[in-house]
Chemist: 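This is the structure, below, for whatever I ask next.
Just so we're on the same page: letters track the sequence lines, and every chain starts at 1. Side-chain atoms are counted along with the backbone in the values below, which use heavy atoms only and exclude waters and symmetry mates.
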Number of protein chains: 2
Amino acid sequence: MTTRVITLKELAASLDLSITTVSRALAGHEQIAQKTRERVAQAARQAGYVPNTAARTLVSGRSGFVGLVLPIRGPNLVDSFLGEFVTGLGEGLVSHGADLILATAALGHSELSVLRHVVESGRADGVVVTRIAETDERLAYLRERGFPFVAHGRLLDSDFGYNWLDTDGAHAFGEAFDMLYDLGHRHFGLVTISEPMTFRHLRQDGLAAAIARRGDPSVRLDVVTAPRFDQKARIEAVNRMLQGSDRPTAIVALFDELALTVMEEAARAGLSVPRDLSVIGFDNIAASAYAPPGLTTFDASIRQCAREIADMLLRVIGDRPAVPLTRLIQPTLVARASHGPAPRTRN
Amino acid sequence: MTTRVITLKELAASLDLSITTVSRALAGHEQIAQKTRERVAQAARQAGYVPNTAARTLVSGRSGFVGLVLPIRGPNLVDSFLGEFVTGLGEGLVSHGADLILATAALGHSELSVLRHVVESGRADGVVVTRIAETDERLAYLRERGFPFVAHGRLLDSDFGYNWLDTDGAHAFGEAFDMLYDLGHRHFGLVTISEPMTFRHLRQDGLAAAIARRGDPSVRLDVVTAPRFDQKARIEAVNRMLQGSDRPTAIVALFDELALTVMEEAARAGLSVPRDLSVIGFDNIAASAYAPPGLTTFDASIRQCAREIADMLLRVIGDRPAVPLTRLIQPTLVARASHGPAPRTRN
DNA sequence: AGTGAAATTTAAAACGTTTGCAATTTTGTG
DNA sequence: CACAAAATTGCAAACGTTTTAAATTTCACT
């Protein structure tokens with residue numbers, strides 16, 4: 001037991017070759033004789049030689065890792081996409097022989113400081129930054145450092161270019177409005193969050209733009225804001241919108257979790273979805289398929305996005321392209337049963 | 001832009017000290033004068049010095065990483081616990097300054113070969129192994145290598161000791177039986193999987209043991225087996241159990257996803273849960289709370305388990321304890337609305 | 001056999017740390 | 001003020017790889 005790991009020196013000695021030759025042979029350099037390359041490859045395979053990552057990283061300056069910083073939010077809060085996201089990243093990375101580093105920012109510790117540490121310790125060749133905030137110091141830092149990164153999400157405006165991939169929430173929310181409008185709805189509700197993430201603006205603006213495009217002055221939009229991670233406050237906010245006879249007939253939620261709360265509270269208030277109230281979400285989380293009557297939402301295909309982000313990042317690391325790579329993904333409508341014609345009684 | 005990263009040599013030069021002294025000062029060695037230690041710490045902080053991981057790993061033999069190998073199963077299959085699991089691992093690791101490496105085993109590539117690579121490249125100081133199979137070559141390999149690891153789950157029998165943490169599925173399934181028996185159920189169904197994972201035996205055996213303990217010959221147990229990742233076959237299997245008038249009055253599913261399928265198919269067959277049929281799952285995934293009427297299940301608290309696994313692994317890495325660390329976690333019953341008294345009409 | 005070019009191999013430096021051991025400085029004591 | 005002991009600091013090797021520049025071998029051709 002406790003078998004030692006074989007090193008390049010030992011492998012070279014066993015082949016009666018120099019370290020240099022073996023290293024080059026394994027790297028497939030043309031200058032090493034074909035015969036030697038095969039002999040070395042064979043011996044390496046048989047000896048189960050695996051190059052030491054630290055040594056390789058040290059000399060080459062490339063770690064073969066991509067970093068992702070994971071914030072801890074609280075005892076009961078887990079990023080609902082994390083599983084899909086890291087799976088997608090892993091898929092994208094593995095085809096290029098790269099792996100993922102997950103660094104955790106402990107509760108109360110700045111995500112930025114962890115990011116700095118990952119970057120400056122040379123652990124990663126590039127990083128993925130998610131959940132872009134309105135003023136995001138992480139992007140500014142990475143930009144200043146000239147460190148390869150891809151953002152999942154966008155800034156609202158920026159005086160510099162950067163690589164990003166985003167889901168077109170603006171478009172989706174416009175589509176949701178159009179669909180609901182055509183179903184006769186005129187009084188809309190939007191449940192949004194107070195956390196200063198850029199996507200809340202992109203989606204809300206997309207909704208507002210669609211309303212403006214329609215140019216129907218009878219359209220009304222009520223907006224209610226809830227803290228993202230406070231379930232109780234979220235329920236209160238939703239009920240604020242649901243109470244009173246002058247409530248919206250269609251509610252669009254910034255994301256599925258909020259939409260599910262809307263459906264739960266609607267049920268509790270004796271409202272039938274979609275007869276009395278249409279509800280549309282965004283993200284298509286697993287629970288949305290199960291929550292009665294089945295939430296109509298948009299599928300953001302996180303896993304696919306993550307895979308593309310990995311591809312983009314590896315390209316950025318490899319080629320350092322002069323122009324930023326950007327990609328806007330169109331989410332697809334998943335029409336379940338939570339939306340329908342506007343109730344006849346009112347309007 | 002493209003700011004260079006400061007190195008120990010530069011930091012030492014700026015302080016007019018040797019590399020050795022600075023290194024020791026930062027490591028807090030007693031032999032360095034208190035005054036010097038402070039001066040160095042101050043300068044390091046101000047210069048934003050972060051030690052290079054590769055260099056440190058190379059010389060110390062410790063990477064400060066813990067590895068987890070992630071299998072890719074197919075386009076639409078993501079480990080439902082992955083998010084919670086890596087969050088928990090991250091939480092457990094961060095307090096000790098360690099980070100997580102997620103290595104992906106591409107579709108068609110052996111998980112073992114990726115594990116070997118992680119281990120032998122020196123990327124990680126220890127690994128977490130999940131989803132233990134009946135004959136698991138990964139454990140044998142790690143054991144032979146003498147490499148620190150903690151298994152999430154257990155082997156059924158083994159001729160060697162190893163560190164593991166498991167959720168006591170056997171106990172939970174016994175508890176489920178007892179509860180259902182006391183509600184008058186006598187005809188039981190178990191939906192299990194064909195994938196050769198050890199937990200299917202542990203849980204099924206727990207159920208069988210509880211039945212035996214009760215010693216009531218009128219108790220019947222039907223078992224149906226479905227492939228884990230084939231939704232269509234799974235539905236067929238469930239329907240095999242549901243069809244016919246002589247169906248069970250209470251079905252226990254190996255895990256929530258199966259239980260949800262049971263509830264869906266029951267609804268499709270016009271059966272009311274829990275009036276006509278009681279269903280109990282295991283895991284308490286998010287969707288279980290939403291699926292009507294609310295699935296009764298056991299909460300495995302994956303995140304908490306992962307955190308403990310991280311703690312255990314770090315202890316194994318640090319102390320190399322002589323006796324294996326083992327931990328059996330009791331899942332807690334989440335009593336929702338999918339179980340109830342046995343229907344009167346039959347029995 | 002001798003030559004030069006091409007093909008193949010190697011020695012040695014470098015990457016940025018940690019650490020055993022030695023060197024230097026400071027301190028305490030007579 | 002000398003001297004040993006204690007405290008503090010520094011030199012140099014080592015970790016396992018990649019890579020530059022140089023050395024060696026092979027080969028075709030005269």
Chemist: Hey, does the side chain of B:D125 reach the backbone of B:R62 with a donor-acceptor pair shorter than 3.5 angstrom?
Modeler: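 No.
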
Chemist: Can you name the one residue among A:F199, A:Y162, A:F85 that meets ring pair (Phe, Tyr, Trp, His ring centres under 6.0 Å) with A:H152?
Modeler: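 Checked A:F199, A:Y162, A:F85 against A:H152; only one passes ring pair (Phe, Tyr, Trp, His ring centres under 6.0 Å): A:F85.
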
Chemist: Is it true that, when you exclude A:R37 itself, more than 12 heavy atoms of the residues, nucleotides or ligands shown sit nearer than 6.0 Å to its CZ?
Modeler: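 Atom CZ in A:R37 is crowded, with more than 12 foreign heavy atoms closer than 6.0 Å.
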
Chemist: Rounded to the Å, how far apart are A:L17 CG and D:dT25 P?
Modeler: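 One finds 14 Å between P of D:dT25 and CG of A:L17, rounded.
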
Chemist: For a 4.0 angstrom threshold against heavy atoms of chain B, report the outermost contacting nucleotides of DNA chain C in 5' to 3' order.
Modeler: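 The contact span of chain B on DNA chain C goes from C:dG16 to C:dC21.
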
Chemist: Strictly below 4.0 Å: does B:T20 bring a side-chain N or O up to OP1 or OP2 of D:dT9?
Modeler: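 The answer is no; no side-chain N or O of B:T20 sits under 4.0 Å from OP1 or OP2.
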
Chemist: If we ignore hydrogens and angles and just use 3.5 Å, is the side chain of B:S95 paired with the main-chain N or O of B:G92 as donor and acceptor?
Modeler: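 Yes; at least one donor-acceptor contact below 3.5 Å.
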
Chemist: Could you tell me whether A:T36 contacts a base, only the sugar-phosphate backbone, or nothing, with contacts defined as non-hydrogen atoms closer than 4.0 Å?
Modeler: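 Here A:T36 touches the backbone only, sparing every base.
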
Chemist: Charged N to carboxylate O below 4.0 Å: is that the case for B:R303 and B:E84?
Modeler: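 A salt bridge is absent here (no side-chain N lies under 4.0 Å from a carboxylate O).
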
Chemist: Provide, to the nearest angstrom, the distance between the CZ atom belonging to A:R56 and the P atom belonging to D:dT19.
Modeler: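 These atoms are roughly 9 Å apart.
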
Chemist: Of B:V59 and B:Q31, whose nearest nucleotide on DNA chain C comes first from the 5' end?
Modeler: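 Looking at DNA chain C, the more 5' nearest nucleotide goes with B:V59.
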
Chemist: Base, sugar-phosphate, or nothing for A:T7, non-hydrogen atoms under 4.0 angstrom?
Modeler: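 Sugar-phosphate, no base atom in range.
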
Chemist: For D:dG10, does either OP1 or OP2 sit under 4.0 Å from a side-chain N or O belonging to B:S18?
Modeler: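 The answer is yes; a side-chain N or O of B:S18 sits under 4.0 Å from OP1 or OP2.
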
